Amino acid sequence: QLQPVESGGGLVQPGGSLKLSCSTSGFGLKYYAIGWFRQTPGKEREGLSCITSDDERTFYADSVKGRFTISRDGANNMVYLEMNRLEPEDTATYYCAVAVFRGSLGSRWLRPANMDYWGKGTLVTVSS
């Protein structure tokens, strides 16, 4: 079963940085968009950022714009999320997700319902 694999979560102090990685090995040409999402208990999954595989357009949620940066290494089937100026409110389980092509959705790629394959998540804790 195809599944992206996240890594890089952990404990970081407020104001610190962390870089998450997502391996999309095995998907080949089956995917079009790769996104990062997060969820805390009792809350809905939140779309943070997404990148398209053809022209590498990027999209960001307002909550992370200017602090988080998504990037892609197509040669190695990797997608990254660089997170800076982390706050305690960023504490969550972070998920990588992959979507097949379904048109030019623009920022609608940030909607969890538009993703097809989900990783198991990696926990990020921002605390002193």
Side-chain angles (χ1 to χ4, degrees):
Q1 183 176 354
L2 292 176
Q3 186 174 47
V5 179
E6 308 94 337
S7 61
L11 175 64
V12 61
Q13 292 188 341
S17 299
L18 205 61
K19 187 175 184 178
L20 304 181
S21 300
C22 173
S23 172
T24 60
S25 177
F27 281 89
L29 298 178
K30 296 182 180 66
Y31 71 89
Y32 178 73
I34 309 97
W36 285 97
F37 299 76
R38 69 184 178 189
Q39 190 170 23
T40 55
K43 292 189 176 181
E44 292 186 356
R45 193 163 293 188
E46 176 189 12
L48 304 176
S49 184
C50 193
I51 187 167
T52 57
S53 61
D54 54 356
D55 55 3
E56 298 195 348
R57 284 176 297 153
T58 57
F59 306 94
Y60 294 93
D62 289 342
S63 59
V64 302
K65 198 173 294 184
R67 297 192 300 128
F68 291 9
T69 303
I70 193 169
S71 61
R72 176 175 170 267
D73 178 356
N76 292 300
N77 299 304
M78 297 294 294
V79 174
Y80 304 98
L81 187 68
E82 181 81 38
M83 305 185 295
N84 298 310
R85 304 198 310 273
L86 285 163
E87 306 163 352
E89 293 72 24
D90 295 314
T91 295
T93 298
Y94 285 68
Y95 298 90
C96 177
V98 172
V100 300
F101 181 77
R102 47 171 55 85
S104 298
L105 299 186
S107 62
R108 287 175 291 170
W109 285 118
L110 296 177
R111 297 179 183 176
N114 286 326
M115 291 290 149
D116 300 291
Y117 304 92
W118 290 88
K120 294 181 179 180
T122 185
L123 179 63
V124 173
T125 303
V126 184
S127 174
S128 56

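Below, each value reflects all heavy atoms present in this structure, side chains not excepted, and no hydrogens, waters or symmetry copies. Numbering of residues begins at 1 and proceeds along the displayed sequence. Quantities reported herein were computed from a predicted structural model and do not represent experimental measurements.
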Closest approach of [X] to [Y] (non-hydrogen atoms, all atoms of both residues):
| X | Y | result |
| --- | --- | --- |
| F37 | L110 | CE2-O, 3.2 Å |
| G9 | L20 | N-CD2, 3.6 Å |
| C50 | A33 | SG-CB, 3.8 Å |
| S127 | P14 | C-CD, 3.6 Å |
| A97 | P4 | CA-CG, 4.4 Å |
| A92 | R38 | CB-CB, 3.9 Å |

Nearest 0.5 Å please: distance from the [atom1] atom of [X] over to the [atom2] atom of [Y].
| X | Y | atom1 | atom2 | value |
| --- | --- | --- | --- | --- |
| E89 | T40 | CD | OG1 | 11.0 Å |
| W36 | L48 | CH2 | CG | 9.5 Å |
| L123 | L11 | CG | CG | 9.5 Å |

Side-chain heavy atoms under 4.5 angstrom apart, residues restricted to Ile, Leu, Val, Met, Phe, Trp, Tyr: same cluster for [X] and [Y]?
| X | Y | result |
| --- | --- | --- |
| F59 | L105 | yes |
| I34 | L2 | yes |
| Y80 | I51 | no |
| I70 | V5 | no |

Examine distances only and state if a side-chain atom of [X] and a backbone atom of [Y] form a donor-acceptor pair shorter than 3.5 Å.
| X | Y | answer |
| --- | --- | --- |
| S53 | Y32 | yes |
| E6 | C96 | yes |
| D116 | V100 | yes |
| Q39 | E46 | no |
| N114 | R108 | yes |
| S49 | Y60 | no |

**Request:** Would you indicate whether the side-chain heavy atoms of V12 and M83 approach each other to under 4.5 Å?
**Result:** no
Checklist line | Plane angle bin for Y94 and F68 - parallel if under 30°, tilted between 30 and 60°, otherwise perpendicular | finding: tilted
* Report yes or no: is the cationic atom of R57 (NZ for Lys, CZ for Arg) closer than 6.0 Å to the six-membered ring centre of W109, at no more than 45° off its axis? => no
In short, side-chain hydrogen bond (donor to acceptor under 3.5 Å, both in side chains) pairs touching residues 7-27 with sequence neighbours left out are S17-N84
The ring pair (Phe, Tyr, Trp, His ring centres under 6.0 Å) partners of Y95 (sequence neighbours excluded) come to none
